[in-house]
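Working notes, beginning with the structure itself.
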Amino acid sequence: MLVSLLAFFIGSGQSPQVLGDVFGHFALAAFVAWVLLSLANAVGATRAWFLTLITGFTSGCLAALIATTVTASAAGYPFSGPIFLFVVGSLVSLNLIFIISIIVGEMLLAPIVFRGILAYSPEAIERRIALVRIPASNLDEAVLTHRERQPTDQALADQQWDNYCAALVAEGWETIEVDAAPELADSVFVEDTVVMFGDLAVIASPGAESRRPEVEAVERALREVPGLTVTRIELPGTLDGGDVLKVGSTVYVGASDRTNAEGIRQLRTLLTPHRYTVVAVPITKALHLKSAATALPDGTIIGDPALLDVTSLFPRFLPVFEPQGVAVVELSRESLLMSSSAPQTAAMVASLGYRVVTVDISEFEKLEGCVTCLSVRVR
């Protein structure tokens, strides 16, 4: 429309009056052309140059014919043979510049605009999902290996679990509850049943035979999350998720009472195509590797040297003040979840520039649990 108006303005000796005479005509023609081109491009007219040529020519001619007919009718001319000839003849006179502009625009600009429309998407809100599982009714029967059994308060444990989930939600995580297993004492420690590597979910093979029934419901919940690939560690390999510590593309795996050499070998085989490096770490003084050490978002390993057989495998190691301070859950690159039982370690981590959120999980710590054990960050 603008090109046509400019052409008439120049052709009339730059007379402003001509703009008023032809504005309505070309505005209508442009609107009709826009509708026709939008419909044609939506069904694929921009896929090839010759299609844009045909589409531009056809849309320009039809728009010009419709606009000229309406303009003539509005001027009081009844439809007749001479008017018909005038309308058709306008394609090579009054409307020629308009039609050429439509063809050029359709061939050169429409594909660019159409690709831009298809490529545009509003910034996606990251969906952060964490699997959790409500404590079993026989929580006090959970298997212990490195601690003396202490009485647990079931009601308090339930309350602490609720507060733990609330902390995740408050930090922007969507919690998905795995089906409850009232008879499986250790089932609240859902971390041990699966390890996530991006969109790859590796179903674990728990080292404690009593925990193997926990896996089925976890796998079922994961298969309902879109976009995940689910695989598994098979017996005789055993692997607990609590023995797997991910730091970038390096995966430290505790060779513990719960994770054997075959389990580590299978995990290495599964992860090698995904460009992860698996490093085995001897663990004899704690239940799992992550009972002794975890990692800050910058890759620094924090842990209790008294619970680790060796620390030299870690390129950067920072000792903690309390045993309960070995575990951190990365809520974001700047925020961490820690146990309130380790105030000195929490203060140290905060001094490193992280925002620390603390929760009381004392009843689960009696059962060799920690903040990482109670959830699986799926995404």
Side-chain angles (χ1 to χ4, degrees), residues 129-194 206 208 210-211 213-214 217-218 221 240-242 258 286-288 290-292 294 302-304 307 320-331 335-347 349-350 355-377:
I129 301 172
L131 290 188
V132 294
R133 198 170 197 175
I134 194 169
S137 55
N138 58 348
L139 178 66
D140 58 349
E141 298 176 11
V143 179
L144 293 179
T145 59
H146 291 78
R147 291 188 184 178
E148 297 269 339
R149 190 173 296 277
Q150 301 177 52
T152 57
D153 185 328
Q154 182 75 45
L156 179 57
D158 289 343
Q159 180 182 345
Q160 290 178 350
W161 182 82
D162 286 339
N163 292 339
Y164 177 93
C165 294
L168 291 177
V169 172
E171 293 297 318
W173 289 83
E174 172 188 348
T175 57
I176 296 179
E177 285 194 40
V178 179
D179 292 341
E183 75 289 355
L184 298 177
D186 289 281
S187 58
V188 69
F189 303 122
V190 67
E191 176 190 44
D192 291 324
T193 58
V194 62
S210 63
R211 300 200 60 185
E214 298 175 24
V218 172
D240 274 16
R258 301 291 180 89
L287 174 61
H288 294 126
K290 289 166 77 173
S291 302
T294 55
I302 65 169
D304 186 349
L307 299 176
V320 300
F321 293 100
E322 304 105 333
Q324 295 87 352
V326 301
V328 296
V329 172
E330 183 177 327
L331 299 170
S335 305
L336 302 171
L337 184 68
M338 297 185 66
S339 169
S340 60
S341 301
Q344 287 183 277
T345 303
V349 171
R355 184 172 66 88
V356 178
V357 178
T358 58
V359 289
D360 182 7
I361 55 165
S362 59
E363 297 308 297
F364 301 103
E365 288 171 337
K366 294 176 183 179
L367 302 170
E368 298 181 291
C370 61
V371 287
T372 67
C373 302
L374 297 173
S375 63
V376 176
R377 277 68 64 202

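Treat the numbers as computed from the prediction; the structure is a model and nothing was measured.
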Report the distance from atom [atom1] of [X] to atom [atom2] of [Y], rounding to the nearest 0.5 Å.
{"X": "C370", "Y": "L337", "atom1": "SG", "atom2": "CG", "result": "10.5 Å"}
{"X": "H288", "Y": "R258", "atom1": "NE2", "atom2": "CZ", "result": "5.0 Å"}
{"X": "N138", "Y": "L184", "atom1": "CG", "atom2": "CG", "result": "7.5 Å"}
{"X": "L139", "Y": "I134", "atom1": "CG", "atom2": "CD1", "result": "11.0 Å"}

Completion exercise
For R147, the side chain to side chain donor-acceptor pair (under 3.5 Å) test, sequence neighbours excluded, returns none
Keeping to residues at least two apart or across chains, list the salt bridge (charged side-chain N to carboxylate O under 4.0 Å, His left out) pairs with something in [range].
{"range": "residues 132-142", "result": "none"}
{"range": "residues 153-162", "result": "none"}
{"range": "residues 174-191", "result": "R127-E174, D179-R220, E191-K290"}
{"range": "residues 361-375", "result": "E363-K366"}

Handout entry: Verdict with supporting geometry, F189 and L374, side chain to side chain contact (heavy atoms under 4.5 Å, CB included)
Key = CA-CA 5 Å; F189 303 122; L374 297 173; 3.9 Å; yes
Exercise for the section: Without swapping roles, check the side chain of Q344 against the backbone of E322 for a donor-acceptor pair under 3.5 Å. Expected result: no
Practice task
Under the salt bridge (Lys or Arg N to Asp or Glu O under 4.0 Å) rule, collect the residues that match up with R149, sequence neighbours excluded.
Solution key: none
